[in-house]
Amino acid sequence: MADVQQGQSLVPDLNATLNETVTEGNVTAKFVATPQGTALAYGSLVFMALLPIFFGALRSVICASSKNATDMPETITSRDAAKFPIIASCTLFGLYVFFKIFSQEYINLLLSMYFFFLGVLALAHTISPVMNTFFPVTFSIKQYQLLFTQGSGDNKEEILNYEFDSRDIVCLALSSVVGVWYLLKKHWIANNILGLAFALNGVEMLHLNNVPTGCILLGGLFVYDVFWVFGTNVMVTVAKSFEAPIKLVFPQDLLEKGLEANNFAMLGLGDIVIPGIFIALLLRFDISLKKNTRTYFYTSFLAYIFGLGFTIFVMHTYKHAQPALLYLVPSCIGLPVFVAKLKGELTDMFSYESSAEILPHTPRLTHFPTISGSPASLADSMQHKPSSPRRRRPNPSVM
């Protein structure tokens with residue numbers, strides 16, 4: 001669910017405004033978060049949301065300019081952007097029906113295993129550039145290849161062709177520790193580590209081809225978010241039932257209970273990735289202008305901070321969960337467009353083609369990941385099949 005909300009656990013009651021109930025004998029009292037605890041939780045959520053956007057945007061530039069097939073991004077075209085909210089709505093409603101018909105316990109068990117593997121891959125990809133700087137020169141680097149094919153002879157079809165080395169194995173091992181921690185304990189810190197990895201991978205690897213496409217995508221998901229949050233109880237039900245690291249959480253009672261706190265404020269990953277890929281596009285547009293400035297990147301980044309802050313203000317004032325894209329989309333699109341109009345670069349902005357200028361042969365998005373809860377916890381990462389036996393690191397996808 002794309003919103004900032006308060007809850008009692010990682011599967012919250014979305015209508016809760018005051019949280020944990022404590023019962024002693026016949027006396028029942030509701031725990032009320034202190035102003036200090038609330039401020040710490042909201043401030044931490046904002047800070048965590050900014051990390052994958054900032055660093056994911058920087059890494060998207062490297063990803064777009066890379067000629068290594070391993071790091072080639074997926075590109076969303078205008079047609080893909082137009083279809084995305086419709087497919088997201090169908091999938092969201094399908095999940096709603098699933099949770100109504102089948103046992104929530106068994107569905108979440110399957111989802112936990114699924115996100116365990118995806119989370120390990122996403123986290124390994126995230127920490128790999130940093131970890132590689134720590135390996136000594138004498139470290140033995142051995143190459144490996146994992147290849148799956150279907151059929152034989154001329155009819156042989158490649159299913160998976162994944163090349164990696166001994167450094168990647170170390171990263172996978174470290175990431176597996178966090179994955180097992182989340183799988184066994186569902187601890188909020190492990191949830192956040194995997195969630196940040198998903199979000200950063202999404203902003204880095206999922207590219208918009210131009211600004212009009214970004215406007216179509218954000219506009220469509222703006223309507224999607226408002227309708228499913230305010231118009232029905234479908235998204236609320238799915239978000240209550242869905243256990244997966246598709247959100248960032250921070251306890252409002254951390255000062256009172258420490259790391260065992262359980263009175264969470266939370267933010268859906270879709271509210272990070274969707275605006276994040278648009279902000280990353282504007283960074284690449286800044287670079288294309290060759291003016292050695294980052295005007296539109298910083299403008300959109302500040303607009304995101306304002307929009308998210310306003311979301312928290314409205315949510316806290318009215319004590320009700322809010323669709324954050326309701327506030328993020330107008331600010332993230334409106335302010336950069338206004339600045340471009342003032343600078344006389346509006347035509348340049350809307351005629352800029354990211355994939356054509358930086359990476360002519362970037363593959364376009366040919367399918368959508370299965371979607372859960374938020375429209376794009378979703379964009380976090382995309383799975384695809386390479387069509388030729390080249391080195392290609394599988395991108396973790398989100399159900």
Side-chain angles (χ1 to χ4, degrees), residues 2-4 45-47 49-58 60-61 64 75-78 80-82 84-85 199 202-203 206-226 267 270-315 317 322-358 375-376 379:
D3 68 336
V4 181
L45 284 179
V46 172
F47 177 74
L50 297 179
L51 291 177
I53 292 178
F54 186 84
F55 291 105
L58 295 178
S60 78
V61 176
T75 298
I76 294 183
T77 65
S78 57
D80 301 322
F84 195 89
V203 176
L206 189 61
H207 289 195
L208 295 165
N209 64 346
N210 53 43
V211 171
T213 297
C215 293
I216 293 171
L217 179 65
L218 269 67
L221 290 177
F222 172 92
V223 175
Y224 164 95
D225 215 15
V226 173
L267 176 68
D271 305 327
I272 301 172
V273 175
I274 294 301
I277 61 178
F278 187 75
I279 294 171
L281 171 67
L282 293 181
L283 174 59
R284 298 193 296 275
F285 171 62
D286 276 325
I287 295 173
S288 73
L289 294 176
K290 298 179 172 62
K291 294 183 178 180
N292 199 29
T293 62
R294 301 294 182 265
T295 302
Y296 298 105
F297 172 66
Y298 291 126
T299 298
S300 57
F301 196 73
L302 291 174
Y304 179 84
I305 296 174
F306 170 79
L308 186 56
F310 192 72
T311 304
I312 292 174
F313 170 76
V314 174
M315 187 276 297
T317 300
Q322 297 293 314
L325 292 181
L326 174 63
Y327 311 99
L328 290 172
V329 170
S331 60
C332 289
I333 293 179
L335 189 55
V337 168
F338 177 72
V339 171
K341 180 67 175 177
L342 291 179
K343 292 170 65 69
E345 296 174 338
L346 191 60
T347 302
D348 294 335
M349 173 183 283
F350 276 81
S351 61
Y352 167 68
E353 287 284 340
S354 173
S355 58
E357 179 168 335
I358 296 183

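With contacts defined as side-chain heavy-atom distances shorter than 4.5 Å, the pair Ile287/Arg294 qualifies. Between His207 and Ile277 the shortest side-chain heavy-atom distance does not fall below 4.5 Å. When side chains are defined from C-beta on, Thr75 does not count as touching Leu208, because their heavy atoms never get closer than 4.5 Å. Within the 4.5 Å cutoff, the side chain of Ile333 has heavy atoms near those of the Cys215 side chain. Looking at Leu283 and Val61, their side chains come closer than 4.5 Å, going by heavy atoms from C-beta outward.
Between Ile53 and Gly276 the shortest heavy-atom distance is CG1-CA, 4.0 Å. When all heavy atoms of Pro85 and Ala81 are compared, the pair lying nearest together is CD-O, 3.2 Å. Scanning both residues, Ala303 and Leu335, for their nearest heavy atoms gives CB-CD2, 3.9 Å. Closest approach of Gly307 to Leu328, counting heavy atoms only: C-CD2, 3.6 Å. For Met349 against Pro336, the heavy-atom pair with the smallest separation is CE-O, 3.7 Å.
Distance check, rounded to the nearest 0.5 Å: CZ of Phe222 to CG of Leu326 gives 5.0 Å. Remark: Thr213 OG1 to Phe278 CZ distance equals 10.5 Å, nearest 0.5 Å. To the nearest 0.5 Å, atoms CZ (Phe54) and CD1 (Ile279) are separated by 11.5 Å. Annotation: the span from Thr311 atom OG1 to Leu325 atom CG amounts to 8.5 Å, rounded to 0.5 Å. Atom CD1 of Ile274 is separated from atom CG of Leu206 by 7.5 Å, given to the nearest 0.5 angstrom. To the nearest 0.5 Å, atom OH of residue Tyr352 and atom CG of residue Leu281 are 6.0 Å apart.
Judged as a side chain to side chain donor-acceptor pair (under 3.5 Å), and not counting sequence neighbours, Asp286 has no contacts. A search for side chain to side chain contact (heavy atoms under 4.5 Å, CB included) contacts involving Pro212 returns Asn210, Phe350, not counting sequence neighbours. Partners of Ser60 by side chain to side chain donor-acceptor pair (under 3.5 Å), not counting sequence neighbours, listed by chain and number: Arg284. Partners of Ala49 according to the side chain to side chain contact (heavy atoms under 4.5 Å, CB included) rule, which considers only residues two or more places apart in sequence or in another chain, are Leu267, Ile272, Tyr304, Leu308.
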Handout entry: Verdict with reasoning, Val314 to Thr317, per side chain to side chain contact (heavy atoms under 4.5 Å, CB included)
Key = CA-CA 5 Å; Val314 174; Thr317 300; 5.7 Å; no
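Here side chain to side chain donor-acceptor pair (under 3.5 Å) pairs that include residues 323-340, with residues two or more places apart or in two chains, are Gln322-Tyr327. Listed by first and then second residue, the side chain to side chain donor-acceptor pair (under 3.5 Å) pairs that reach into residues 333-348 are Lys291-Glu345, Tyr296-Glu345, sequence neighbours excluded.
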